[in-house]
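Below is one structure, written out as structure tokens, with a few remarks after it.
Letters go in sequence order (proteins before strands), and every chain restarts at 1.
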Protein chains: 2
Amino acid sequence: MSRAPAPDPELLPAEIEVGERLRELGLDTALDLDAMAALSNVFRAANAARSQLERSVLTVHDLSFTAFTVLWVLWVWGEHEFRDVAANSGITKGTLTGVLSTLERRQLVERRRHDEDRRRLYVALTRRGTSLMSKLFVTFNRGESAIAAGLDPGERHELARLLRKLQRSVEGVDQSGPGNG
Amino acid sequence: MSRAPAPDPELLPAEIEVGERLRELGLDTALDLDAMAALSNVFRAANAARSQLERSVLTVHDLSFTAFTVLWVLWVWGEHEFRDVAANSGITKGTLTGVLSTLERRQLVERRRHDEDRRRLYVALTRRGTSLMSKLFVTFNRGESAIAAGLDPGERHELARLLRKLQRSVEGVDQSGPGNG
DNA sequence: CGACTATCGTTTGGACCCGAATGATTAACG
DNA sequence: CGTTAATCATTCGGGTCCAAACGATAGTCG
């Protein structure tokens, strides 16, 4: 479906097609195509990497990406408060409740009420969960390594640097409005 | 929770903490930290940008990110076959069935059977859907622009280039195994 | 032509995702 | 001390996400 060669041979096929289509629609001048290119590739790359890691590493352990993230947060930090686990895993407390129920049923985590404030909850890996993560994270990281091997070391650093900058920018946009720049 | 200043001041707080923690666990030498940094930032940046765009642009229209993606695919390409819409939106056919039901109920899309092969389905925006997207995509793109404004133009190009390379790398890993490099 | 295989979108079952409401618990106030 | 407000995790309702099975339809084969 490609037409004349795109000016930038680095573009993915999907991008070439969309770019030409937006030109046909007369929208290419009305849009910030640079921003669109940057962000749509963030989304696509994240989806692709996540799917690949789920398929090759997580599915055999019957774990979703989010379940793995929660286990990872607990593995790195040890027993932690429920609300902090949610924050560090990037999900809401409502979602974490469900994910923990699944992991508890699998006997990978356990919940414990705070001694003094019974509203609060601690969460920790079980021995079984710790044992799983000790092996699984190395495998997961090998999967990350295989994916990142397509970039040279300088490129990996640069990618990480640009993405951090982007995250800071998102935070800046988030706080735009009264009282902020 | 930060300890002595991290060697790289560009790191996000969460990364500094995790890096120190992995050192404490004696894992820093066993892991590919560059790959981990690159990929974890892809996931975090994608989540942050997606949440920001959902909050600021999509929620007021009662649209999920995926619903918007489907509308966008139909807006750019016009009436399209169901299976291609799923592929271009990055979701399975099962998921698309549900998303289309939601959008159909909102009278934003319509389904039409193929004239000759009644297994196949065409999907198109309704006039209402087209009208919504004509306004919404510009707003969405402005949101993208606000986020990407944290990077200068050269950085945006470089980010997109590195992410494309990463996607190609994922594809290469996906096909690794018998019959492939 | 009938039998068999393949393809299509839907359905199923289970998991996740969110915002908002809820009940239990704690903190603050007069 | 009782009342009110705030905080916590869970529940609710609705949407999404997947793989696999399913029923309808089309293609292939002998």
Side-chain angles (χ1 to χ4, degrees), chain A residues 43 46-48 50-71 73 80-87 89-106 108-124, chain B residues 43 46-48 50-71 73 80-87 89-106 108-124:
Chain A
F43 298 133
N47 280 344
R50 175 177 165 143
S51 291
Q52 164 59 25
L53 287 165
E54 277 178 325
R55 267 196 309 278
S56 62
V57 180
L58 301 179
T59 298
V60 297
H61 295 281
D62 202 19
L63 286 173
S64 69
F65 197 90
T66 298
F68 173 80
T69 300
V70 170
L71 292 176
V73 165
H80 236 50
E81 284 214 46
F82 177 94
R83 61 189 176 186
D84 295 323
V85 177
S89 302
I91 55 182
T92 65
K93 293 189 283 180
T95 300
L96 182 59
T97 296
V99 172
L100 283 185
S101 293
T102 298
L103 293 174
E104 205 171 33
R105 215 164 37 245
R106 302 272 306 282
L108 297 173
V109 303
E110 59 199 5
R111 289 162 153 119
R112 173 172 81 78
R113 281 291 163 189
H114 193 284
D115 288 334
E116 293 164 11
D117 187 338
R118 300 180 61 74
R119 293 174 295 179
R120 293 157 74 177
L121 204 58
Y122 282 107
V123 192
Chain B
F43 298 133
N47 281 344
R50 174 174 164 145
S51 293
Q52 164 59 24
L53 288 165
E54 277 177 325
R55 268 196 308 279
S56 62
V57 180
L58 301 180
T59 298
V60 298
H61 295 280
D62 202 20
L63 286 172
S64 69
F65 197 91
T66 299
F68 172 80
T69 301
V70 170
L71 292 176
V73 165
H80 234 50
E81 283 215 46
F82 177 96
R83 64 189 174 186
D84 296 324
V85 177
S89 304
I91 55 181
T92 65
K93 293 188 284 179
T95 300
L96 182 59
T97 295
V99 171
L100 283 187
S101 294
T102 299
L103 293 173
E104 206 171 33
R105 213 163 40 245
R106 302 271 309 281
L108 297 173
V109 302
E110 59 199 5
R111 288 163 153 117
R112 173 173 79 78
R113 281 291 163 189
H114 193 284
D115 289 334
E116 291 163 13
D117 187 338
R118 299 180 62 72
R119 293 175 297 179
R120 295 160 70 177
L121 204 59
Y122 283 108
V123 192

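- Residues A/E116 and B/F82 each lie close to DNA chain C; by heavy-atom proximity, the contact nearer the 5' end of the strand is made by B/F82.
- Shown here are the side chain to side chain donor-acceptor pair (under 3.5 Å) partners of A/R119, two or more places apart in sequence or in another chain: A/D117.
- You can see that DNA chain C meets the heavy atoms of chain A within a 4.0 Å-exclusive cut from C/dA15 to C/dT26, reading 5' to 3'.
- Distance A/E104 CD to D/dT10 C1': 13 Å, rounded to the nearest Å.
- Atom NE2 in A/H80 sits about 17 Å away from atom C1' in D/dA9, given to the nearest Å.
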Restricting both atoms to N or O, compile the protein contacts to nucleotides 15-18 of chain D shorter than 3.5 Å, with distance only.
{"from": "D/dG15", "atom 1": "OP1", "to": "B/R105", "atom 2": "NH2", "distance (Å)": "3.3"}
{"from": "D/dG15", "atom 1": "OP2", "to": "B/R105", "atom 2": "NH2", "distance (Å)": "3.4"}
{"from": "D/dT16", "atom 1": "OP1", "to": "B/S64", "atom 2": "OG", "distance (Å)": "3.2"}
{"from": "D/dT16", "atom 1": "OP2", "to": "B/T102", "atom 2": "OG1", "distance (Å)": "2.8"}
{"from": "D/dC17", "atom 1": "OP1", "to": "B/T66", "atom 2": "OG1", "distance (Å)": "3.0"}
{"from": "D/dC17", "atom 1": "OP2", "to": "B/T66", "atom 2": "OG1", "distance (Å)": "2.3"}
{"from": "D/dC18", "atom 1": "OP2", "to": "B/T92", "atom 2": "N", "distance (Å)": "2.9"}
{"from": "D/dC18", "atom 1": "OP2", "to": "B/T92", "atom 2": "OG1", "distance (Å)": "3.2"}
{"from": "D/dC18", "atom 1": "OP2", "to": "B/T95", "atom 2": "OG1", "distance (Å)": "2.7"}

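- Under the side chain to side chain donor-acceptor pair (under 3.5 Å) criterion, B/R83 pairs with no residue at all, not counting sequence neighbours.
- Take A/E81 and apply the side chain to side chain donor-acceptor pair (under 3.5 Å) test, not counting sequence neighbours, and it matches A/R120.
- Between A/H114 and A/L121, every side-chain heavy-atom pair lies at or beyond the 4.5 Å cut-off.
- With sequence neighbours left out, A/E54 forms a side-chain contact (heavy atoms from CB on, under 4.5 Å) with A/R50, A/L58, A/F65.
- The residue B/R111 sits close only to the backbone: its heavy atoms come under 4.0 Å of sugar-phosphate atoms, none of a base.
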Show the atom names and distances, to 0.1 Å, of all donor-acceptor pairs under 3.5 Å that link a side chain in residues 90-105 of chain B to residues at least two apart or in another chain.
{"from": "B/T92", "atom 1": "OG1", "to": "B/T95", "atom 2": "N", "distance (Å)": "3.2"}
{"from": "B/T92", "atom 1": "OG1", "to": "B/T95", "atom 2": "OG1", "distance (Å)": "3.2"}
{"from": "B/T97", "atom 1": "OG1", "to": "B/K93", "atom 2": "O", "distance (Å)": "3.1"}
{"from": "B/S101", "atom 1": "OG", "to": "B/T97", "atom 2": "O", "distance (Å)": "3.0"}
{"from": "B/T102", "atom 1": "OG1", "to": "B/G98", "atom 2": "O", "distance (Å)": "3.3"}
{"from": "B/E104", "atom 1": "OE1", "to": "B/R111", "atom 2": "NH1", "distance (Å)": "2.8"}

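- Rounding to whole angstrom units, CZ of residue B/R120 and C1' of D/dA24 are separated by 15 Å.
- In terms of the side-chain contact (heavy atoms from CB on, under 4.5 Å) criterion, residue partners of B/S64 (sequence neighbours excluded) are, by chain and number, B/T66, B/A67.
- With sequence neighbours left out, B/R112 forms a side-chain contact (heavy atoms from CB on, under 4.5 Å) with B/E79, B/D115, B/Y122.
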